[in-house]
Amino acid sequence: MPAIRDFEAAARDRLDPAHYDYFAGGAGDELTVRANEAAFARLALLPRVLRGAGSPRIGVTLLGSRAAMPVLVAPTAFHRLADPEGEKATARAAAAAETIMIVSMAATVAVEDVAAAAPGATLWFQLYVQPDMAFTEALVRRAEKAGCAALVVTVDSPARGRRDRDVRNGFDDLPAGMRCENLCDGGAGAGPVRPIVMSPVISWEHVDMLRRMTRLPIVLKGVTHPADARLALDHGVSALYVSNHGGRQLDTVPATVDLLPEIVAAVGGAVPVLMDGGIRRGTDVIKAMALGASAVAVGRPVIWGLAAGGECGVARVLGLLRDEVEHALTLCGLASPQDLEPGLVRRC
């Protein structure tokens, strides 16, 4: 039976070394990258017995979007580096798995084309708010028109993370024939491509402007401090997404699963709480949900599947995680993820 690590090994063999490093690497000494996975190893599960729960039901509904499992596709850039079909292949696999794909603003396929390639997919759109709010609004309108059901606003990036692997490899741009299609100045496929501006001037005021700009639910991605979680509620966001950007922004930020309980406590059930970072097994999903996550998202595992086998590779990764979630819930004696609670997890 394959594991996520098997897909990563296959991806490493197939990818250009600089591109593998781009996907696998992180900021600084990559302490946070390693911490995300290591934190799950320090959590143990305490299963219940004789519960008579039957086969588990693992579907979830998030902000009106239904997913057949509590594992979403996290926003990751540059899928065409991993497979010629890029985000189209990923979206088709997500649609087949009946889960939600969060399309990156830095996708190498335009959001309109991702939606057209996978008509059955449930898509959300990840957004870096740009200082040029007219351009930001144009991106929002494109996401709305493409049928995206939520905006996932990344808020942990007032500057770009310093990634030593990319510096060593001289990787600072996409190869010829690829570009960030959502950043075309004139809309899909039209005009020059703008750079993504990561600006320290972005503030809660911009969240308020977004809220007035669209009726789509707004998810804030990159919240790690409980005080910010409470502020987010004051600004009318629909969900929080605990993330340290996969360790790619500020090194030494704690593992997301360690941060999760404080964020969950801070919001007190007012909004769903999602998380990503270090999830490699179905047992990791169960641990995160026991600690209060409404669902989780996976980024690198999807890229490894895409690089190892295109659409089929992504489908296998998502299918593997779904099977492992069902198996872990069964062994914990639970009928659904909603039955998970913190007492089922112990820190070793």
Side-chain angles (χ1 to χ4, degrees), residues 1-8 10-11 36-37 40 43 45 47 51 53-63 65-76 79 82-83 87 89-103 118 120-124 149 241 256-257 272-340 344-345:
M1 191 74 176
I4 297 298
R5 297 190 192 285
D6 298 322
F7 287 96
E8 181 177 3
N36 277 342
E37 289 192 51
F40 280 106
L43 296 175
L45 286 169
R51 304 276 284 183
S55 298
R57 302 172 298 279
I58 65 170
V60 295
T61 299
L62 299 164
L63 307 180
S65 296
R66 180 71 180 167
M69 62 177 173
V71 181
L72 283 56
V73 176
T76 49
H79 286 206
D83 180 82
E87 288 83 0
T90 307
R92 288 192 290 262
E98 299 180 79
T99 195
I100 297 162
M101 176 182 175
I102 306 172
V103 180
T122 300
L123 304 179
W124 294 359
Y241 185 150
T256 47
V257 75
V273 177
L274 314 177
M275 69 149 284
D276 66 16
I279 292 160
R280 300 294 182 267
R281 285 282 189 181
T283 47
D284 298 337
V285 179
I286 297 306
K287 292 170 186 178
M289 296 189 74
L291 294 174
S294 302
V296 305
V298 291
R300 289 184 178 97
V302 168
I303 293 295
W304 305 147
L306 186 64
E311 178 183 339
C312 290
V314 178
R316 290 179 66 199
V317 164
L318 295 175
L320 173 64
L321 288 169
R322 176 175 181 153
D323 289 347
E324 289 186 352
V325 168
E326 290 179 340
H327 188 62
L329 274 174
T330 300
L331 289 173
C332 284
L334 303 177
S336 77
Q338 287 70 43
D339 296 332
L340 288 160
L344 293 167
V345 175

Discussion item. Once side chain to side chain donor-acceptor pair (under 3.5 Å) is applied, do any residues pair with S65, and if so which ones, sequence neighbours excluded?
Written reply: W124
Practice prompt. Any ring pair (Phe, Tyr, Trp, His ring centres under 6.0 Å) involving residues 290-335? Give me the pairs, sequence neighbours left out, ordered by first then second residue.
Written response: Y20-W304
Discussion item. As an exercise, state the distance from CG of L320 to CZ of R281, rounded to the nearest 0.5 Å.
Written reply: 7.0 Å
Fill in: Note, I286 side chain near L45 side chain (heavy atom, < 4.5 Å)
yes
Worksheet, complete the sentence: side chain to side chain donor-acceptor pair (under 3.5 Å) filter on T256, not counting sequence neighbours, yields none
Fill in: With T122 via side chain to side chain donor-acceptor pair (under 3.5 Å) - residues at least two apart
none
Practice prompt. Sequence neighbours left out, what pairs pass salt bridge (charged side-chain N to carboxylate O under 4.0 Å, His left out) with at least one residue falling in residues 287-304?
Written response: none
Worksheet item: How long is the span from the CG atom in L62 to the CD1 atom in I100, to the nearest 0.5 Å?
Response: 5.0 Å
Discussion item. For a 4.5 angstrom cut-off between non-hydrogen side-chain atoms, does M69 reach V285?
Written reply: no
Worksheet, complete the sentence: The side chain to side chain contact (heavy atoms under 4.5 Å, CB included) partners of A74 (sequence neighbours excluded) come to Y241, D276, A297
Fill in: Partner residues of R316 under the salt bridge (charged side-chain N to carboxylate O under 4.0 Å, His left out) criterion, sequence neighbours left out
none
Fill in: Approximate separation, where rounding is to 0.5 Å, of L331 CG and E324 CD
11.5 Å
Discussion item. Between L63 and P272, is there a side-chain heavy-atom distance shorter than 4.5 Å?
Written reply: yes
Worksheet item: Side-chain contact, heavy-atom cut-off 4.5 Å: V298 with L321?
Response: yes
Discussion item. The criterion is salt bridge (charged side-chain N to carboxylate O under 4.0 Å, His left out); which residues satisfy it with R5, sequence neighbours excluded?
Written reply: E37
Response to the item:
Closest non-hydrogen contact found for V317 with G305 is CG2-CA, 3.8 Å
Response to the item:
Hits for side chain to side chain donor-acceptor pair (under 3.5 Å) against T330, two or more places apart or cross-chain, chain-then-number order -> none
Worksheet item: Would a 4.5 Å heavy-atom cut-off, applied to side chains only, mark T90 and V73 as touching?
Response: yes
Discussion item. Measuring only between side-chain heavy atoms, which start at C-beta, is D339 closer than 4.5 Å to L329?
Written reply: no
Response to the item:
d(D323 CG, I58 CD1) to nearest 0.5 Å is 8.5 Å
Using residues 91-99 as the side-chain source, report each donor-acceptor pair under 3.5 Å to any protein atom, sequence neighbours left out, with the distance given to one decimal.
residue	atom	partner	partner atom	Å
R92	NE	E311	OE1	2.8
R92	NH2	E85	OE1	2.8
T99	OG1	V71	O	2.6

Worksheet item: Is there a side-chain contact between L344 and L334 (heavy atoms, below 4.5 Å)?
Response: yes
Worksheet item: In chain order, what residues pass the side chain to side chain contact (heavy atoms under 4.5 Å, CB included) check against T61, with sequence neighbours excluded?
Response: R66
Item to complete: Could I get the full list of salt bridge (charged side-chain N to carboxylate O under 4.0 Å, His left out) partners for E8, not counting sequence neighbours?
Response: none
